[in-house]
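See below for the structure under consideration.
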Amino acid sequence: MEYSFNQLNNTANLGYTWYGKESQGNGTNKNCKYLLLEFAFEKIGIERVGFGASNLNDKSINAMKSIMCKVDGVF
């Protein structure tokens, strides 16, 4: 997945985030994703947001699921 905005469909793909070991497992990722979602939906009116992760990255997939992301597919 890449960082992109599709004006026709009013959607955005926010791509990836990377955190050092000291920031993993302490809520940093979840809080950042909430801020990104708040900005996308409430500030600029995006209708659909996509996040991406390797299908082998269980930590990242579980983090997205913990904020109620739905798995739409696998690349």
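Since this is a predicted model, take the numbers as computed values, not measurements.
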Could you tell me whether the side chain of N57 reaches within less than 4.5 Å of the side chain of K59, counting heavy atoms only?
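Yes. Closest side-chain heavy atoms under 4.5 Å.
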
Heavy-atom side-chain contact between V71 and K65 under 4.5 Å
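A side-chain contact under 4.5 Å exists here.
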
With a 4.5 Å cut-off on side-chain heavy-atom distances among I, L, V, M, F, W and Y, is there a chain of contacts connecting Y19 to M64?
no

Hey, any chance I44 and L36 share a hydrophobic cluster, counting ILVMFWY side chains that come within less than 4.5 Å of each other, even indirectly?
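Yes; L36 is reachable from I44 via cluster members.
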
Go through the steps to decide whether F5 and L14 satisfy the test side chain to side chain contact (heavy atoms under 4.5 Å, CB included), and finish with yes or no.
CA-CA 9 Å; F5 171 67; L14 300 180; over 6 Å; no

Look only at the side chain of N6 and the backbone of A12, and say whether a donor-acceptor pair between them is shorter than 3.5 Å.
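Side chain of N6 to backbone of A12: no pair is present.
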
Taking atom types as modelled, find out whether N26 and T28 have a side-chain donor-acceptor pair closer than 3.5 angstrom.
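Side chains of N26 and T28: pair found under 3.5 Å.
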
With sequence neighbours left out, what residues match K21 under salt bridge (charged side-chain N to carboxylate O under 4.0 Å, His left out)?
none

Shortest non-hydrogen contact between [X] and [Y], atoms and distance:
{"X": "I67", "Y": "F51", "result": "CD1-CE1, 4.4 Å"}
{"X": "A53", "Y": "I61", "result": "CB-CG1, 4.2 Å"}
{"X": "V49", "Y": "L37", "result": "CG1-CD2, 3.8 Å"}
{"X": "A63", "Y": "S66", "result": "O-OG, 2.7 Å"}

Got a second to check how far I46's CD1 is from N10's CG, nearest 0.5 Å?
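So the CD1 of I46 and the CG of N10 are separated by 4.5 Å.
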
